[in-house]
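Because only heavy atoms are used, hydrogens play no part in the values below, and waters and symmetry mates are left out as well, while side chains stay in. The sequence lines fix the lettering, A, B, ..., with proteins before strands; numbering per chain opens at 1.
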Amino acid sequence: MSQLVDTAAAVPNAPAATVPAAAAARHEPATQQSIFDSLTPRADFRTIARWVEPRSSVLDLGCGDGSLLSILRAELEIVGYGIEINDAGVLACAEKGVNVIQQNLEDGLRLFEDQSFDLAVLSQTLQTIHQTAAILRETVRVARQAIVSFPNFGYWPHRLEVLRGRMPVSKALPYQWHNTPNVRVLTIEDFEALAPEVGIEIIERSVLHGGRTIRWGHNWRGSLAVYRVQGVGRGKPSR
Amino acid sequence: MESSVGIVTPQTIHFAEPLPLQNGSTLAGYDLMVETYGELNAQRSNAVLVCHALNASHHVAGVSAHDPTDLGWWDNMVGPGKPLDTNRFFVIGVNNLGSCFGSTGPMSLDPSSGVPYGARFPVITVEDWVNAQARLADSFGIERFAAVMGGSLGGMQAVAWSLMYPSRVGHCVVVASTPKLSAQNIAFNEVARSAILSDPDFYGGDYYAHNVKPRRGLRVARMIGHITYLSDDDMAAKFGRALRREVHAEGGDAYQFSFDVEFEVESYLRYQGDKFAEYFDANTYLLITRALDYFDPAKEFDGNLTAALAHTEANYLVVSFSTDWRFAPARSRELVKALLDHKRTVTYAEIDAPHGHDAFLLDDARYHNLVRAYYDRIATEIGA
């Protein structure tokens with residue numbers, strides 16, 4: 001996995017990082033900065049937005065209150081759909097006018113045809129799902145590319161906590177062991193080992209901590225991992 | 001603050017131009033019974049059509065002028081400050097053709113014979129209703145509805161609107177509905193119809209001339225229907241195995257070993273059946289259950305619902321209820337899937353409510369807040 005190219009969040013010419021034509025054509029052209037400023041609520045949103053192409057179709061798996069889709073629609077004119085199980089999340093999406101489908105991701109993505117989206121997003125959702133392999137396969141089935149992010153349990157303070165005899169509680173893992181929605185504990189190394197087994201090819205990786213890109217020692221020093229992936233054999237470069 | 005639309009008075013609108021029907025026949029002139037709430041704005045852009053299900057009517061909200069106990073069937077949904085806010089929207093409730101609450105139906109006089117249509121009233125479809133409703137819209141000068149909304153059979157009309165008049169529907173609100181009936185659904189309808197058809201007082205549909213009505217058949221039909229409207233859990237919670245007893249009756253919880261009403265649930269069904277047999281028309285029951293059976297927009301596309309929805313333009317809110325086994329969430333998901341195939345704008349909510357099919361008529365905060373949020377967005381869109 002060391003041959004992976006880590007994408008630095010600060011590199012301005014990362015894929016799709018230029019000001020989108022759609023936004024530039026409007027009265028008040030959106031700058032990358034304005035997009036990123038509005039995406040501050042979740043550290044991985046910035047990296048995700050960088051990998052979203054203007055006017056693409058995006059399926060957000062576990063979309064919560066629809067914030068990401070709402071911002072991507074406003075700034076990049078995407079056609080977005082969210083999947084959310086929580087009633088309050090569904091209501092918040094409806095209030096924002098974000099398309100949302102209420103369902104449990106554990107039930108799979110039967111509502112969606114193969115390769116029917118440009119991009120699927122699993123933003124800090126993977127660790128909350130029991131059917132890990134199934135949802136990963138489904139994700140790259142329904143979308144040409146996918147973004148997968150998750151908290152890295154290998155982050156060194158987490159390891160230290162375990163060495164001290166307690167399960168870690170941190171900014172990235174803000175729950176106690178008994179009330180956490182996280183049902184799968186994984187590290188960056190774990191994900192990269194699983195990916196080929198479930199037919200996933202990693203295109204790009206960005207490892208973050210405190211909003212900053214981690215360039216070395218990512219599985220120790222990074223608390224959040226964000227990947228751009230596609231199904232093995234889908235091999236077409238992004239448009 | 002939520003309040004009521006208050007005392008409402010229906011109006012009869014006559015349509016002189018004959019209406020061609022799906023079965024090949026034509027309905028000469030006809031009347032539609034209508035109630036409206038709120039004000040139509042100058043652009044005529046804030047109109048919402050509310051379509052009724054099997055046994056309801058044009059009386060959607062408020063209380064009838066002639067009967068203060070007669071509350072509209074969706075009064076918790078429609079009114080000032082309610083999820084469908086009549087301060088912002090002009091809402092139309094219409095009684096469908098073939099029904100028995102004032103619109104032309106089997107009880108009406110057939111102009112060609114001077115006697116009630118009875119069994120000669122044409123078998124009518126959801127699509128026929130929508131065509132009649134489109135003429136109603138014309139009569140109000142409404143080119144495009146902000147939304148067409150309905151629950152159950154009403155939801156089918158909303159879907160049909162978006163298929164038949166794509167440019168005339170902004171949003172479709174489809175609650176506890178289905179793109180087609182299942183074999184089980186049709187089977188229940190057939191049992192209900194058999195009960196009516198086998199009642200000696202049915203007289204081949206011409207019971208009006210005999211001054212009777214097939215009450216026994218209607219009672220059984222309604223009892224069957226009611227069972228399908230409630231969930232098993234809801235029935236268990238409401239009635240369980242409780243015995244029907246006078247409060248101070250002797251005998252306590254001992255069985256009577258008879259076929260009189262023994263359990264609470266029997267008492268409930270008989271009460272509902274009796275009430276229904278008094279106010280509903282048997283021919284209407286036959287017609288409307290048949291309209292339900294026939295509804296299947298995918299039929300002419302070899303069963304492909306996605307193909308059937310190809311020309312829709314509306315945005316959709318689809319809502320189902322987890323314990324609804326009459327039109328289960330899986331049926332709504334079929335509709336949602338077909339809409340997603342076309343990347344239509346769609347929101348789908350599956351409300352975890354215990355009340356079965358009836359949940360669409362009940363006040364549930366999650367359900368009502370969602371509908372409210374959806375209409376807020378529509379109101380913003382049209383500046384209402």
* Interchain contact, B:Leu370 with chain A, by part (heavy-atom threshold 4.5 Å) -> both
* Side chain, backbone, both or neither of B:Asn369 within contact of chain A (heavy atoms, under 4.5 Å) -> both
* Interface moiety of A:Asn99 toward chain B, non-hydrogen atoms closer than 4.5 Å -> both
* To do: Please say whether the positively charged group of B:Lys337, taken as NZ for Lys or CZ for Arg, lies over the ring of B:Tyr348, i.e. under 6.0 angstrom from the six-membered ring centre and within 45 degrees of the axis.
  => no
* Aromatic ring proximity A:Tyr81/A:Phe112, centre distance under 6.0 Å -> no
* Asked: Between B:Phe145 and B:Tyr165, is the ring centre distance below 6.0 Å?
  -> no
* Could you tell me whether a side-chain N or O of B:Tyr316 sits under 3.5 Å from a main-chain N or O of B:Val336, the two making a donor and an acceptor? => no
* Could you look at B:Arg333 and say if it's the side chain, the backbone, both or neither that has a heavy atom under 4.5 Å from chain A? => both
